[in-house]
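The block underneath contains the structure these notes are about, expressed in structure tokens.
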Amino acid sequence: MSTSNTADRQAGAVTCPKLRADAQRNREAIVVAAREVFAEHGLEAPLEEIARRAGVGIGTLYRRFPTRLDLVDAILAEPVEQHVAAAEHALTMADPWDGFVYYLEAAGQLQATDRGINDMMSMRLPNATRAESAKRRMFELTEKIIRRARQSGQLRPDVTQEDLALVFWAHGRIVEATSEVAPDAWRRHLGLLLEGFRADRAHELAVPALTPRQVHRAMLSLGSRCTGQLSEQEDPP
């Protein structure tokens, strides 16, 4: 074997792992930058800004994450799990009304501090499989939270899971409008809503609750505006 061939093989043994390490560092830098940018500006934030903060070219970002949805799924699955954890804790609380209030306050705080998760909680992104899987678990738990509070006689009997979608949608716009001037304004809004949720304040409402299909389609529509992709799935799972 020639000296030249030996040198080439030795060089390859050194440079290949280095390239793999560089690729991993680039991915980690993109993930960190995306968390920051999405938290500050929401899921429609420019991918070019993420690449700039990560110190990589936009081509490198697309090699690691071919679509915006791939990046969203990598970033937001963990924050959605925090919603799941809050719901799980709410179900351990002895008083069902306290659990209901705790969950809405915890969810509101999570959304108020991260515009990315604020967007995610108001949308459905069916192809973001990890994040949507966590959201399905969250929906199962919130249904239990609502049922417990209704059965205790403290939550008005006509409140449904779909009514919480209205809470999250309203919360999202309030956070967007007031985060820089009155960052706790969402708490006053939630307090007003909670008074209306109490069973002893209940009066028949003129408009019925949204159906699961209506909420699902509305969230798909919001998600399609963010990603430019509209799922063909029209009905809730």
Side-chain angles (χ1 to χ4, degrees), residues 1-86 88 106-107 109-138 172 175-176 179-180 183 219-220 222-233 237:
M1 181 180 295
S2 70
T3 304
S4 174
N5 287 341
T6 301
D8 288 343
R9 292 184 62 186
Q10 290 174 339
V14 172
T15 57
C16 287
K18 183 175 186 300
L19 289 173
R20 287 195 294 270
D22 286 348
Q24 181 62 27
R25 281 195 296 272
N26 285 342
R27 187 185 190 284
E28 291 171 356
I30 291 167
V31 166
V32 170
R35 284 198 182 107
E36 294 175 354
V37 174
F38 285 153
E40 293 169 11
H41 303 291
L43 299 186
E44 296 184 59
L47 297 184
E48 291 79 5
E49 173 61 14
I50 295 172
R52 186 191 68 78
R53 291 201 195 183
V56 302
I58 191 66
T60 298
L61 185 149
Y62 278 114
R63 280 194 293 276
R64 304 279 74 82
F65 301 96
T67 70
R68 179 183 294 270
L69 202 56
D70 293 321
L71 187 54
V72 166
D73 201 25
I75 301 306
L76 291 184
E78 183 177 340
V80 176
E81 288 287 356
Q82 295 177 25
H83 275 259
V84 171
E88 289 174 338
Q109 182 62 46
L110 288 168
Q111 289 181 249
T113 55
D114 188 327
R115 285 189 61 183
I117 194 64
N118 192 23
D119 286 348
M120 185 66 184
M121 295 307 298
S122 66
M123 300 174 180
R124 290 299 298 271
L125 300 171
N127 294 324
T129 54
R130 291 179 57 215
E132 287 294 340
S133 176
K135 282 175 69 175
R136 283 192 294 273
R137 173 61 177 157
M138 183 198 71
V175 168
E176 183 179 348
S179 60
E180 295 186 4
M219 295 176 82
L220 282 177
L222 289 170
S224 71
R225 295 177 198 175
C226 172
T227 65
Q229 300 173 354
L230 182 59
S231 169
E232 295 180 357
Q233 181 182 3

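Please read these numbers as outputs of a predicted model, since none were measured by experiment.
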Would you say the side-chain atoms of R68 pair up with the backbone N or O of A45, donor to acceptor, closer than 3.5 Å? yes
Could you pull out all residues at least two apart from E88 that satisfy salt bridge (Lys or Arg N to Asp or Glu O under 4.0 Å)? R137
From CD (E48) to CD1 (I58), nearest 0.5 Å: 4.5 Å
Side chain proximity check, I117 to F38, heavy atoms < 4.5 angstrom: no
Between K135 (side chain only) and M120 (backbone N and O only), is there a donor and an acceptor less than 3.5 Å apart? yes
Ignoring hydrogens, what is the shortest heavy-atom contact between I30 and L61? Give both atom names and the distance. CD1-CA, 3.7 Å
Check whether the side chains of Q24 and E28 place a donor and an acceptor atom closer than 3.5 Å, and report yes or no. yes
Taking all atoms of both residues into account, what is the closest heavy-atom pair of Q111 and N118, and its distance? NE2-OD1, 2.8 Å
Residues pairing under side chain to side chain donor-acceptor pair (under 3.5 Å) where one sits in residues 53-64, two or more places apart or in two chains, turn out to be E40-R53, E49-R53, T60-R63
Could you give the side-chain donor-acceptor pairs of residues 70-77 under 3.5 Å, partners two or more places apart or in another chain?
unit_1	atom_1	unit_2	atom_2	d
D70	OD2	T67	N	3.1
D70	OD2	T67	OG1	3.0
D73	OD1	R130	N	3.2
D73	OD1	A131	N	2.9
D73	OD2	T129	N	3.2
D73	OD2	R130	N	3.2

Between M138 and E81, does the side-chain contact (heavy atoms from CB on, under 4.5 Å) criterion hold? Intermediate values first, please. CA-CA 8 Å; M138 183 198 71; E81 288 287 356; over 6 Å; no
